[in-house]
Amino acid sequence: MNKEQGVQMLKAVKIMAIVRGVEEKHIRQVADALLRGGIPVMEITLNTPGALSMIERLQEELGEQMFIGAGTVLDLEDARRAFDAGASYLVTPNLDEAVIDYACKRGLPIFPGAMTPTEIVRAYKAGATAVKVFPNASLGYNYMKELMGPLNHIPMMAVGGVQEDNIRDYMKLGCYGVGIGGSLINLKEIAAGNFDWIRDKAARLVERSVE
């Protein structure tokens, strides 16, 4: 899947699944469950054991159906390793302009993390596809709403704290998208082999996001 197709896929569904701590033996079933639930965009965080091999495998097996990226990209070395593994985009929890520059030069969409207005503007000017407002679970909806006043020209993603009962609020606010981790990628259900739980949760999130 090329960059334009992937970005359009994210713009359409507006939900990025954050896969952290999933065992490699379960990754294909998790990906299939997300896909069946209507969320074809997923990032595998680099602090997940085996993340690079999982990204490489999923690109080979599902690369035409899913937009698969690397998350928790902390620095340039992480960015290089993710790119070499075939990540289609990069997500960071922090603002590192060298990482943004690296991604832009290689045609990779880049979603850097930022918290303050100053960081958000810097990330956007550096070339961010959209800025990941993080940690949204602590900052909350009202913080995002205030940011969208003076900075509504900057595409922003809310990451953390987005649930079924508030996802529509973020969509109505005009967010570029949202990132959802543990409440969707439930490690307990995965360990129990209950992948339909993820499928059903994904489907509900998609449904609530457009109500």
Side-chain angles (χ1 to χ4, degrees), residues 3-20 39-47 67-76 78-80 82-83 87-163 166-184 205 209:
K3 171 185 174 180
E4 289 73 21
Q5 290 172 319
V7 169
Q8 288 305 313
M9 182 177 283
L10 176 55
K11 285 182 177 179
V13 69
K14 294 185 179 296
I15 301 172
M16 181 185 291
I18 302 169
V19 178
R20 187 188 310 275
I39 299 179
V41 181
M42 63 183 291
E43 64 164 277
I44 300 176
T45 67
L46 292 189
N47 60 350
F67 193 34
I68 302 159
T72 316
V73 177
L74 299 179
D75 52 33
L76 202 50
D78 280 349
R80 291 190 182 107
F83 177 74
S88 292
Y89 61 89
L90 305 179
V91 184
T92 80
N94 59 311
L95 172 57
D96 187 328
E97 279 125 328
V99 172
I100 298 174
D101 182 65
Y102 178 89
C104 290
K105 286 179 177 176
R106 284 152 186 80
L108 285 179
I110 172 72
F111 304 92
M115 184 177 74
T116 67
T118 298
E119 291 174 341
I120 291 166
V121 172
R122 277 180 56 194
Y124 183 61
K125 286 184 175 181
T129 307
V131 180
K132 163 186 166 179
V133 178
F134 176 80
N136 184 68
S138 300
L139 299 168
Y141 169 83
N142 287 334
Y143 183 76
M144 177 68 80
K145 185 177 181 180
E146 288 189 56
L147 289 174
M148 296 288 273
L151 303 180
N152 66 337
H153 62 291
I154 298 177
M156 286 184 270
M157 295 186 68
V159 178
V162 180
Q163 307 280 349
N166 65 10
I167 188 170
R168 185 57 185 156
D169 294 333
Y170 285 96
M171 299 304 181
K172 289 169 67 177
L173 191 58
C175 287
Y176 181 93
V178 298
I180 304 178
S183 63
L184 170 60
L205 285 164
S209 72

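Counting begins at 1 with the first residue of the sequence. The shown structure was predicted, so the numbers you read here are calculated from the model rather than taken from an experiment.
- Contact of the Thr45 side chain with the Ile18 side chain is registered, since non-hydrogen atoms from C-beta on lie closer than 4.5 Å.
- In plain terms, the two heavy atoms of Phe134 and Pro93 that are nearest each other are CD2-O, 3.9 Å.
- Annotation: side chain of Ile180 is not in contact with side chain of Ile39 (no heavy-atom distance under 4.5 Å).
- Scanning all heavy atoms of the two residues, the minimum distance from Glu43 to Ala70 falls at CB-C, 4.4 Å.
- Between Cys175 and Lys14 the shortest side-chain heavy-atom distance does not fall below 4.5 Å.
- Nearest approach of Ile15 to Ile167, heavy atoms of both residues: CD1-CD1, 3.8 Å.
- The CG atom of Asp96 sits 11.5 Å away from atom CG of Leu90, with the distance rounded to the nearest 0.5 Å.
- The CD1 atom of Ile100 sits 5.0 Å away from atom CG of Leu95, with the distance rounded to the nearest 0.5 Å.
- Contact check for Lys132 versus Thr92: no side-chain heavy atoms found under the 4.5 Å cut-off.
- The distance from atom CG of Leu46 to atom CG of Leu74, rounded to the nearest 0.5 Å, is 7.5 Å.
- Rounding to the nearest 0.5 Å places CZ of Arg122 at 12.0 Å from CD1 of Ile120.
- With a 4.5 Å cut-off on side-chain heavy atoms, Pro40 and Val13 count as touching.
- Shown here are the side-chain contact (heavy atoms from CB on, under 4.5 Å) partners of Tyr102, two or more places apart in sequence or in another chain: Leu76, Ala79, Arg80, Phe83, Arg106.
- We find the CG-CG distance between Leu173 and Asn166 to be 11.5 Å, quoted to the nearest 0.5 Å.
- Considering only heavy atoms from C-beta on, Lys125 stays 4.5 Å or farther from Ile154 through its side chain.
- At least one side-chain heavy atom of Val91 sits less than 4.5 Å from a side-chain heavy atom of Met16.
- Classification of the Tyr89-Phe67 ring pair by plane angle, with boundaries at 30° and 60°, yields tilted.
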Which donor-acceptor pairs under 3.5 Å do side chains of residues 136-152 form with protein atoms, sequence neighbours excluded?
residue	atom	partner	partner atom	Å
Asn136	ND2	Gly160	O	2.7
Asn136	ND2	Tyr170	OH	3.0
Tyr143	OH	Met115	O	2.5

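- Taking each heavy atom of Ser183 and Val162 in turn, the nearest pair found is OG-O, 4.1 Å.
- Rounding to the nearest 0.5 Å places CZ of Arg20 at 12.0 Å from CD1 of Ile44.
- Nearest heavy atom pair, residue Val73 against residue Asn94, reads O-OD1, 3.7 Å.
- Closest non-hydrogen pair, Ser209 versus Met171, comes out as O-CG, 3.6 Å.
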